[in-house]
2 protein chains.
Amino acid sequence: MLPFDPPLTLLIVDDHFVFRAGLKAVLSLRRDFEVVAEAGDAATAVEAFHKHEPRMTLMDLRLPDRSGIEALRAIRKENPAARVLMLTTFDGDEDIHRALEAGACGYLLKSVPGQELLRAIEAAALGKRYIPPEVQRRLEERATFGELTDREREVLPLVVKGLTNKDIAGILGFTEFTAKAHVRSLLAKLGAADRTELVAIAVQRGLVHLE
Amino acid sequence: MLPFDPPLTLLIVDDHFVFRAGLKAVLSLRRDFEVVAEAGDAATAVEAFHKHEPRMTLMDLRLPDRSGIEALRAIRKENPAARVLMLTTFDGDEDIHRALEAGACGYLLKSVPGQELLRAIEAAALGKRYIPPEVQRRLEERATFGELTDREREVLPLVVKGLTNKDIAGILGFTEFTAKAHVRSLLAKLGAADRTELVAIAVQRGLVHLE
DNA sequence: CCTGGAGTTGTCCTTTCGGACAATGGCGCA
DNA sequence: TGCGCCATTGTCCGAAAGGACAACTCCAGG
């Protein structure tokens, strides 16, 4: 593999100072990689991207200003050719799916070994989509479930908050029967026996986030 | 602050290669800190501790062989004077509590800046317990809730799995009434209106872990 | 134009929940 | 010895949940 010339410019986005230091340490093993900027939150990330126009961005999914995927979208909106590699701990297949749909050119786990990280960046910079087998597997499992509708996505977080069908109906402005219908559909689509299990599955799969 | 002489020997335990690299990079800023070993899982960690007898151990809570706190316990059992600093992303107050109870000499968030990390290690090595204010706050909030009984700790995961009171009773070998009583008690102690909210709270607080 | 999916609103019926209250036995601690 | 906490088992009751159906509207896609 030929080295990048000029060097591959990189933007690092992660709210963990120590992890950023680790990335820089690993990336410094390649003379043809150059970290031109780093950011610890989404707003700074978008700004830094605009300023430095890096050829590759490494982005954490979980950022303090609660986005990561939003930052990805903002960056891809500014430059649709931008290459962004998501780098995160496992967050459920929904997050992976959303990241790839938003145009990420790969999805690495933070547990990635150094060599694989370098290879993934190289592959992504050359236009390939780098997705590790374990992530791929999760995505395929996911495909067996149907997509959720917009309404279902509105109802689900309310169920997770412990609200009753009547409460949900009041908030979203329809009758209890409608709420029941949506919940019934959610149970079927996610394979849950009742709303309690629904919460566990939804959280595990990253369809909703607690806090 | 006087430098450590001989140098402070350190063991690093974290399953993320990149994060370990970051730790080493930050720690190398102190000439009197010396990383003598590192481990990516609990078993290796205990082994490395036995072999190198480091004066300080930095340990991630979440390890692939599903322990972290177990590794902490194993290490403290071998050497009750061992100093172990937990270093992790937020995992709910229950994990913090269990770690400190098991003898951790501090609990840092992975988002910790480099300087604070170095200061925390220094403080912990000198016998102080380093706990950042945000973690302290979480622990105090927690104190307002009562401790769970052993039975409640058995029942809770089953509730989270979506089982009914009757199912739970069958598994644990008592009647549905007893299951109801425990669930009622859990609802009261954790401040949940129903078992759906109970799941959300239990997961958020780290009383149960999904997967 | 017609089909299908989504969203909406219902009914009927059985099961489950959760609150209030009460009673028993055990075990530790003062 | 007695008090309190825990675990256990109940009863009664109203509210909520969830399955099985059915029907209507709207709208996009073939």
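Reminder, nothing fancy here: chain letters follow the sequence lines and each chain counts from 1.
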Only distances under 3.5 Å count here; give the side-chain donor-acceptor pairs of residues 95-108 of chain B to other protein atoms, sequence neighbours excluded, each with its distance to 0.1 Å.
| unit_1 | atom_1 | unit_2 | atom_2 | d |
| --- | --- | --- | --- | --- |
| D95(B) | OD1 | H209(B) | NE2 | 3.3 |
| H97(B) | ND1 | R142(B) | NH2 | 3.2 |
| R98(B) | NH1 | E94(B) | OE2 | 3.4 |

Using residues 10-19 of chain A as the side-chain source, report each donor-acceptor pair under 3.5 Å to any protein atom, sequence neighbours left out, with the distance given to one decimal.
| unit_1 | atom_1 | unit_2 | atom_2 | d |
| --- | --- | --- | --- | --- |
| D14(A) | OD1 | H16(A) | N | 2.7 |
| D14(A) | OD2 | K110(A) | NZ | 2.9 |

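Every residue was checked against the side chain to side chain contact (heavy atoms under 4.5 Å, CB included) condition with K51(B), not counting sequence neighbours, and none meets it. Residues passing the side chain to side chain contact (heavy atoms under 4.5 Å, CB included) test with E53(B), sequence neighbours excluded: F49(B), E78(B), N79(B). Taking the salt bridge (charged side-chain N to carboxylate O under 4.0 Å, His left out) definition, one finds that R151(B) meets it with E154(B), sequence neighbours left out. Residues passing the side-chain hydrogen bond (donor to acceptor under 3.5 Å, both in side chains) test with Q115(B): none are found, sequence neighbours excluded. Under the rule for a side chain to side chain contact (heavy atoms under 4.5 Å, CB included), the partners of A179(B) that lie at least two apart in sequence or sit in another chain are N165(B), I168(B), A169(B), F174(B). Residues that satisfy the side-chain hydrogen bond (donor to acceptor under 3.5 Å, both in side chains) test with K24(A), not counting sequence neighbours, are E38(A).
Annotation: the span from M86(B) atom CE to L61(B) atom CG amounts to 4.5 Å, rounded to 0.5 Å. Note that OG1 of T88(A) and CG of L109(A) are 8.0 Å apart. Values are rounded to the nearest 0.5 Å.
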Whether each nucleotide of nucleotides 18-30 of chain D has a protein heavy atom under 4.0 Å at its base (B), only at its sugar-phosphate (S) or at neither (-) is summarised, 5' to 3', as BB-B---------
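With a heavy-atom cut-off of 4.0 Å to chain A, the contacted part of DNA chain C has its first and last nucleotide at dA6(C) to dT11(C).
A salt bridge does not link K77(B) to E70(B): none of the charged side-chain nitrogens sits closer than 4.0 Å to a carboxylate oxygen.
Across P54(A) and V36(A), no two heavy atoms sit closer than the pair CB-CG2, 4.2 Å.
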Report, one pair per line, the protein and nucleotides 5-8 of chain D atoms (nitrogen or oxygen only) whose separation is under 3.5 Å.
| unit_1 | atom_1 | unit_2 | atom_2 | d |
| --- | --- | --- | --- | --- |
| dA7(D) | OP1 | T149(B) | OG1 | 3.0 |
| dA7(D) | OP1 | R151(B) | N | 3.4 |
| dA7(D) | OP2 | T149(B) | OG1 | 2.9 |
| dT8(D) | OP1 | R151(B) | NE | 3.0 |
| dT8(D) | OP1 | R151(B) | NH2 | 2.5 |
| dT8(D) | OP2 | R151(B) | NE | 3.0 |
| dT8(D) | OP2 | H182(B) | NE2 | 2.8 |

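We find that CZ of F177(B) is positioned 15 Å from P of dC13(D), with the value rounded to whole Å. Between the CD atom of E176(B) and the P atom of dG10(D) there is a distance of 11 Å, given to the nearest Å.
Partner D93(B) forms a side chain to side chain donor-acceptor pair (under 3.5 Å) with one of R137(B), R205(B), Q204(B) and no other, that one being R205(B).
Helix bend of the helix from dC1(C)-dG30(D) to dA30(C)-dT1(D): the angle between its two end axes, each built from five pairs, comes to 40° after rounding to 10°.
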